[in-house]
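Input: a single structure, listed below in structure tokens.
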Amino acid sequence: MAPSEAHDVAASMELARHGLEEFALPVSMPGTPPRSTVTDKYAFAFDIDGVLIRGGKPIPEAIEAMKMLNGENSYGIKIPYIFVTNGGGKTEQERCIQLSQQLEIEVSPGQFICGHTPMREMAEKYGTVLVVGGEGEKCRTVAEGYGFKDVVTPGDIIKDNQDTTPFRKLTEEEYKDSRPRGFSKINIEAIFVFADSRDWAGDQQIILDLLMSKNGRLGTRSETFDDGPPVFFSHNDVVWSASHDLTRLGMGALRLSLEAMFKAITSKELNTTAFGKPQIGTFQFATRLLQQWRKDTHGIDSPPDTVYFVGDTPESDVRGTNEFNKQSENTWYSILVRTGVYQEGTKPKFTPRATVDNVLEAVKHGMEREYRKMMKEAMAVAEDGVKEMALIDEES
């Protein structure tokens with residue numbers, strides 16, 4: 001995208017992200033950070049679906065909210081912001097291009113934290129893995145980009161044995177893209193659900209086959225049902241806000257279904273792991289990113305004093321923000337909007353610090369709150385100065 005008012009934040013976040021990920025780089029001597037009109041006192045973190053985008057189209061107030069953050073406000077400042085979404089199935093770069101076009105601003109991959117972003121840290125631990133969900137081969141591309149060495153898809157398994165899923169046949173394009181393998185001699189070490197399944201029946205059949213196998217070898221059955229590979233989900237949202245008037249089933253529903261079927265067949269509990277919100281690790285990563293950004297741009301090695309998290313789902317956005325706030329050194333402030341999963345007239349299971357109509361009102365709320373804090377601090381300093389002058393007068 002061409003340089004824009006959003007460029008300062010986008011570019012600096014990208015540098016901060018590289019600073020987090022390139023641990024092997026030599027430590028540089030601290031220098032004087034460049035002057036910036038971007039405040040370092042607070043920042044915003046946004047969910048995407050139901051907050052900024054709905055059904056692939058921007059929510060009307062979202063574009064105005066981004067303009068306000070990028071300097072079009074009465075305070076004459078820019079506010080840093082990142083995007084923390086449970087959505088996935090595409091590379092962070094692809095999501096950035098899409099969001100840049102939708103919101104008419106420049107967005108960098110450094111500002112993006114997807115539900116499956118933390119999975120990159122597991123690439124060294126597992127060899128052959130099954131990756132489920134998403135469109136076509138995109139999730140395989142994401143996983144290989146994260147460094148996973150041997151990535152298998154459900155299409156590969158069906159191509160090897162078409163009787164695996166009696167009611168699903170590969171299309172010509174799927175058959176061409178799927179890779180020929182001989183799974184009778186391959187152990188699949190872990191299962192990663194990167195994005196929402198496009199075929200629940202087929203994907204769950206394959207996952208269950210592996211869970212009940214001996215050490216991830218398809219075509220085998222464990223006597224104890226304790227020998228299968230671990231299962232990881234990129235998030236746990238049971239429902240999400242799409243273009244339909246009512247919420248749609250999400251990955252968390254697939255997780256519940258899989259656990260219920262495993263128990264019905266084996267009489268055993270299935271333990272799975274979910275990343276994304278409300279998991280604490282996602283918020284810890286966001287904090288490290290904002291701390292690195294503040295260090296790079298303002299020379300202060302600590303995260304912004306307050307992070308306003310704007311979301312539409314009480315069970316993931318509000319819950320995660322509130323729970324992380326209890327243990328974080330800085331303040332995480334939850335704001336719930338009425339444009340997504342949460343609907344007016346219902347009582348959220350987890351209570352936000354503020355509830356507003358839309359993302360523009362959320363941005364205004366945070367900025368006005370910070371302005372009031374600044375004025376209160378300035379008045380306190382002024383009062384201290386008056387008292388000090390009075391003491392000097394008395395002594396003289």
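Because the structure is predicted, anything quoted here is derived from the model rather than measured.
With K78 contributing its side chain and E72 its backbone, the two residues share no donor-acceptor pair below 3.5 Å. Between the side chain of S100 and the backbone N or O of V107, at least one donor-acceptor pair lies under 3.5 Å. Panel note: side chain Q102, backbone G56; a donor-acceptor pair is recorded below 3.5 Å. The backbone N or O of Y42 sits nowhere less than 3.5 Å from a side-chain atom of D305 that would complete a donor-acceptor pair. Side chain of S222 to backbone of T224: a donor-acceptor contact under 3.5 angstrom is found. Not a single donor-acceptor pair under 3.5 Å links the side chain of S234 to the backbone N or O of G115. Counting only distance, with no hydrogens or angles, the side chain of D296 and the backbone of G299 share no donor-acceptor pair below 3.5 Å. For S178 (side chain) and Y175 (main-chain N/O), no donor-acceptor pair under 3.5 Å exists by modelled atom type.
In terms of hydrophobic clustering, with Ile, Leu, Val, Met, Phe, Trp and Tyr side chains grouped at heavy-atom distances under 4.5 Å, I158 and V151 are assigned to different clusters. Note: the hydrophobic cluster containing F275 does not contain I48 (ILVMFWY, side chain heavy atoms under 4.5 Å, direct or indirect links). The cluster map of Ile, Leu, Val, Met, Phe, Trp and Tyr, joined by side-chain heavy atoms under 4.5 Å apart, puts V131 and W200 in different clusters. Cluster annotation: L336 and Y333 are assigned to distinct hydrophobic clusters (Ile/Leu/Val/Met/Phe/Trp/Tyr, side-chain heavy-atom contacts under 4.5 Å, transitive). Connection of Y81 to I77 is established within a shared hydrophobic cluster, with ILVMFWY side chains joined at heavy-atom distances below 4.5 Å, either directly or through further cluster members.
Ring pair Y146/F194 is tilted by interplanar angle, where 30° to 60° counts as tilted. The aromatic rings of Y126 and F232 lie tilted to each other, with the angle between the two planes from 30° to 60°. The aromatic rings of F44 and F46 lie parallel to each other, their planes meeting at an angle below 30°, with 60° marking the opposite boundary. Ring-plane geometry between W332 and F324 is classed as perpendicular, the angle between the planes exceeding 60 degrees on a 0 to 90 degree scale with a lower cut at 30.
Listed here is the closest heavy atom pair of T91 and V142: N-CG2, 3.4 Å. Of all non-hydrogen atoms in N325 and N330, the two that sit nearest each other are OD1-O, 3.9 Å. Between V38 and I79 the shortest heavy-atom distance is CG1-C, 4.4 Å. Taking every heavy atom of both residues into account, T339 and G50 meet most closely at OG1-O, 2.6 Å. Residues W293 and T39 share a closest heavy-atom pair of CH2-O, 3.3 Å. The minimum heavy-atom distance between P303 and Q291, with the atom names listed, is CD-OE1, 3.4 Å.
Ion pairing of K90 with E135 is absent here, as no side-chain N (NZ or NE/NH1/NH2) approaches a carboxylate O to less than 4.0 Å. Between K176 and E172 there is no salt bridge, since none of the side-chain N atoms of the basic residue sits less than 4.0 Å from a carboxylate O of the acidic one. A salt bridge links D317 with K277; the closest basic N to acidic carboxylate O contact falls under 4.0 Å. With salt bridges taken as basic N to acidic carboxylate O contacts below 4.0 Å, one links D357 and R338. Using a cut-off of 4.0 Å between Lys/Arg side-chain N and Asp/Glu carboxylate O, R54 and E61 are scored as not salt-bridged. A salt bridge is defined here as a Lys NZ or Arg NE, NH1 or NH2 lying under 4.0 Å from an Asp or Glu carboxylate O, and K268 with D226 meets this definition. Using a cutoff of 4.0 Å between basic side-chain nitrogens and carboxylate oxygens, K295 and D40 are not scored as salt-bridged. Salt bridge E64/K67: present, at least one basic N to carboxylate O contact under 4.0 Å. Look at E315 and K349 and you find no salt bridge, because none of the NZ, NE, NH1 or NH2 atoms lies under 4.0 Å from a carboxylate O.
A 4.5 Å side-chain heavy-atom check between K214 and R221 finds every atom pair outside the cut-off. Considering only heavy atoms from C-beta on, T85 comes within 4.5 Å of F112 through its side chain. Between I335 and T321 there is no side-chain heavy-atom pair separated by less than 4.5 Å. Inter-residue side-chain proximity for V307 and T331 is flagged as unmet; no heavy-atom pair is nearer than 4.5 Å. Using a 4.5 Å cut-off on side-chain heavy atoms (C-beta onward), F233 and T273 make no contact. Here the side chains of V152 and I157 are in contact, with some heavy-atom distance below 4.5 Å. By the 4.5 Å heavy-atom criterion applied to side chains, I53 and L103 are counted as neighbours. In this structure, the side chains of P154 and L130 come closer than 4.5 Å at one or more pairs of heavy atoms.
K169 NZ: more than 12 foreign heavy atoms inside a 6.0 Å radius. Residue Q284 qualifies as enclosed at atom CD: its count of foreign heavy atoms under 6.0 Å is above 12. In K138, the NZ atom is crowded: over 12 heavy atoms of neighbouring residues, nucleotides or ligands sit closer than 6.0 Å.
In the model, D237 has a side-chain atom that pairs as donor or acceptor with a side-chain atom of N86 under 3.5 Å. Of the N and O atoms on the side chains of R369 and Y308, at least one donor lies less than 3.5 Å from an acceptor on the other residue. Between Q204 and S257, the side chains place a donor N or O and an acceptor N or O closer than 3.5 Å (distance only, hydrogens not considered). Checking E92 against T117 by side-chain atom types alone, a donor-acceptor pair falls below 3.5 Å.
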Might you work through the salt bridge (charged side-chain N to carboxylate O under 4.0 Å, His left out) test for E259 and R255, ending with a clear yes or no?
CA-CA 6 Å; E259 291 172 349; R255 183 187 185 191; 3.4 Å; yes
N322 and S334: CA distance, side-chain angles, deciding distance, side chain to side chain donor-acceptor pair (under 3.5 Å) verdict
CA-CA 7 Å; N322 290 354; S334 57; 2.8 Å; yes
Given D209 and R217, is the salt bridge (charged side-chain N to carboxylate O under 4.0 Å, His left out) satisfied, shown in steps?
CA-CA 9 Å; D209 282 346; R217 181 73 61 89; over 6 Å; no
Working for side chain to side chain contact (heavy atoms under 4.5 Å, CB included), residues S316 and H235:
CA-CA 9 Å; S316 59; H235 68 83; over 6 Å; no
Using the rule given for salt bridge (charged side-chain N to carboxylate O under 4.0 Å, His left out), can you reason through K373 versus E370, listing the C-alpha separation, both sets of side-chain angles and the distance that settles it, and then say yes or no?
CA-CA 5 Å; K373 284 168 57 178; E370 290 298 316; 3.2 Å; yes
From CA spacing to verdict: side chain to side chain contact (heavy atoms under 4.5 Å, CB included), L211, F262:
CA-CA 8 Å; L211 291 173; F262 184 84; 3.9 Å; yes
Pair Q292-T287, side chain to side chain contact (heavy atoms under 4.5 Å, CB included): steps then yes or no:
CA-CA 9 Å; Q292 184 69 40; T287 299; over 6 Å; no
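Taking the six-membered ring wherever Trp is involved, the centroid distance between the rings of Y371 and Y75 falls below 6.0 Å. Residues F148 and F192 bring their aromatic ring centres within 6.0 Å. Between F285 and F283, the ring centre distance reaches or exceeds 6.0 Å.
Checking each of L52, I113, D47 against F83 for a side chain to side chain contact (heavy atoms under 4.5 Å, CB included) leaves exactly one that passes, namely L52. Tested against E174 for a salt bridge (charged side-chain N to carboxylate O under 4.0 Å, His left out), the candidates R198, R168, K159 yield a single pass: R168.
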